[in-house]
Engineer: 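Got a structure for you, written out below as structure tokens; questions coming shortly.
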Amino acid sequence: MLKIEKLSVKVEGKQIVSNVNLTLPKGKVYAVFGPNGSGKSTLLMAVAGVPTYKIISGKILFEGEDITWMNIDERARLGIALAFQTPPEIVGVKLRDMLKICAGKKPGEEFSREELELIEAFNLKDFLDRNVNLGFSGGERKRAEVLQLLLMKPKLMLLDEPDSGVDIESLKLIGEAIQNYISESGASALLVTHQGQILEHVKADMACVLLNGSIKCYGDPYQMLENIRKYGYESCAACTRRRGEEQI
Ligand code: ADP
Ligand code: MG
């Protein structure tokens with residue numbers, strides 16, 4: 001489904017991600033752990049094709065096709081969708097219209113029953129006539145972001161810390177919706193999480209730790225999370241026991 005080979009990425013002339021290798025099979029969830037500033041968002045932006053994130057070397061393959069030099073729209077059409085860590089406020093655009101764009105509606109076309117049910121499940125029905133994210137709380141913002149992503153029906157979800165700055169109720173709601181979608185559709189997810197709370201609701205299959213832009217270690221997500229919680233990312237930096245992706 002997604003294969004990242006020896007990928008290095010720079011932002012504003014500075015190299016942030018170095019030599020990343022990662023293979024995500026169809027229907028699986030790959031958790032990417034790492035401290036703040038380790039390059040997790042940069043990695044996702046590069047996979048999504050956000051233009052300011054420049055690929056220096058390496059390859060990105062999606063369903064066997066080399067997408068390294070495709071632009072963001074072409075990647076979106078293939079079924080790759082990104083949920084931002086910090087979703088921006090969009091003044092002048094109502095949530096209703098944004099959601100319709102995401103769902104691929106024609107002008108004037110209404111939501112289907114299934115889509116309305118999803119909007120209700122996300123507790124966002126009363127937000128439809130508000131500007132996207134304007135004055136939304138942390139949890140509301142993340143709910144709106146993940147809802148937009150799910151309405152696109154992506155094959156590959158790039159989820160950037162869907163659990164950061166989110167209240168417990170929203171976390172559960174977001175996590176369960178992501179897990180349901182994966183189970184029903186067979187989509188895959190590259191799931192960035194700093195503290196791992198989302199993994200209580202979304203079942204991850206494999207994981208890696210990113211440190212200073214490089215993958216330090218691959219392993220079982222829940223075992224890794226336990227170690228990170230116990231010993232912190234500092235112990236990852238000090239660790240000399242390297243585990244390769246083939247050992248997962
Ligand atoms: P993480 O998501 O793991 O916290 P990021 O990928 O956001 O890490 O950032 C990694 C490093 O890249 C940080 O040092 C950050 O300051 C830098 N960086 C990210 N985006 C930009 C940008 N647009 N301009 C300059 N530096 C950036
Ligand atoms: Mg980040």
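Counting starts at 1 for both ligands and their atoms, following the listed order.
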Engineer: Determine whether any heavy atom of Gly34 lies closer than 4.0 Å to an atom of ligand 1.
Structural biologist: no
Engineer: With a 6.0 Å cut-off (strictly less than), is the heavy-atom count around OH of Tyr222, excluding the residue itself, greater than 12?
Structural biologist: yes
Engineer: Considering distance alone, does some N or O of Ser38 sit under 3.5 Å from an N or O of ligand 1?
Structural biologist: yes
Engineer: Please determine, by modelled atom types, if Lys142 and Ser164 share a side-chain donor-acceptor pair under 3.5 angstrom.
Structural biologist: yes
Engineer: Against heavy atoms of Tyr53, which atoms of ligand 1 measure under 4.0 Å?
Structural biologist: 20 (N)
Engineer: Are Arg113 and Glu117 ion-paired here, with the side-chain N under 4.0 Å from a carboxylate O?
Structural biologist: yes
Engineer: Could you find the nearest protein heavy atom to atom 7 (O) of ligand 1 and give me its residue, atom name and distance?
Structural biologist: Ser41 CB, 3.6 Å
Engineer: Please indicate, with yes or no, if any protein heavy atom is found under 4.0 Å from atom 25 (C) of ligand 1?
Structural biologist: yes
Engineer: I'd like to know whether CD of Glu120 has more than 12 heavy-atom contacts from other residues, nucleotides or ligands below 6.0 angstrom.
Structural biologist: yes
Engineer: Donor-acceptor pair, His194 side chain versus Gly34 backbone, under 3.5 Å?
Structural biologist: yes
Engineer: What protein heavy atom is closest to atom 14 (O) of ligand 1, reported as residue, atom name and distance in Å?
Structural biologist: Lys14 NZ, 4.1 Å
Engineer: Pro35: heavy atom below 4.0 Å from ligand 1, yes or no?
Structural biologist: yes
Engineer: How far is atom 8 (O) of ligand 1 from its nearest protein heavy atom, and which residue and atom is that?
Structural biologist: Gly39 N, 3.1 Å
Engineer: When you compare ligand 1 with Val11, is there at least one nitrogen or oxygen pair between them that comes in under 3.5 angstrom?
Structural biologist: no
Engineer: Output yes when the distance from some N or O of ligand 1 to some N or O of Ile16 is under 3.5 Å, and no in every other case.
Structural biologist: no
Engineer: Determine whether any protein heavy atom is located less than 4.0 Å from atom 16 (O) of ligand 1.
Structural biologist: no
Engineer: Give yes if a backbone or side-chain nitrogen or oxygen of Glu161 is under 3.5 Å from a nitrogen or oxygen of ligand 1, and no if not.
Structural biologist: no
Engineer: Find the distance between CG (Leu24) and CG (Asp205) and round it off to the nearest 0.5 Å.
Structural biologist: 8.5 Å
Engineer: With a 6.0 Å cut-off (strictly less than), is the heavy-atom count around NZ of Lys100, excluding the residue itself, greater than 12?
Structural biologist: yes
Engineer: Please determine whether side-chain contact (heavy atoms from CB on, under 4.5 Å) holds for the pair Tyr233 and Lys216, giving the CA-CA distance in whole Å, both sets of side-chain angles, and the decisive distance to 0.1 Å.
Structural biologist: CA-CA 11 Å; Tyr233 284 114; Lys216 173 78 180 182; over 6 Å; no
Engineer: Is the Mg ion (ligand 2) less than 2.8 Å from an N/O/S atom of Gln85, whether that atom is in the backbone or a side chain?
Structural biologist: yes
Engineer: Using 4.0 Å as the upper bound for N to carboxylate O, is an ion pair formed by Lys40 and Asp160?
Structural biologist: no
Engineer: With a heavy-atom distance limit of 4.0 Å, tell me whether Lys40 approaches ligand 1 through its side chain, its backbone, both, or neither.
Structural biologist: both
Engineer: Any N/O/S atom of Ser41 sitting less than 2.8 Å from the Mg ion (ligand 2), backbone or side chain?
Structural biologist: yes
Engineer: May I ask you to test the Met157-Leu150 pair for a side-chain heavy-atom distance under 4.5 Å?
Structural biologist: yes
Engineer: Atom 4 (O) of ligand 1: which protein heavy atom is closest, and how many Å away?
Structural biologist: Gly37 N, 2.7 Å
Engineer: Atoms of ligand 1 less than 4.0 Å from Asn36 heavy atoms?
Structural biologist: 4 (O)
Engineer: Output the distance between atom CG (Leu151) and atom CZ (Phe111), rounded to the nearest 0.5 Å.
Structural biologist: 7.0 Å
Engineer: Which of the atoms in ligand 1, numbered in the order shown and given with their element, are less than 4.0 Å from a heavy-atom of Thr42?
Structural biologist: 5 (P), 6 (O), 9 (O)
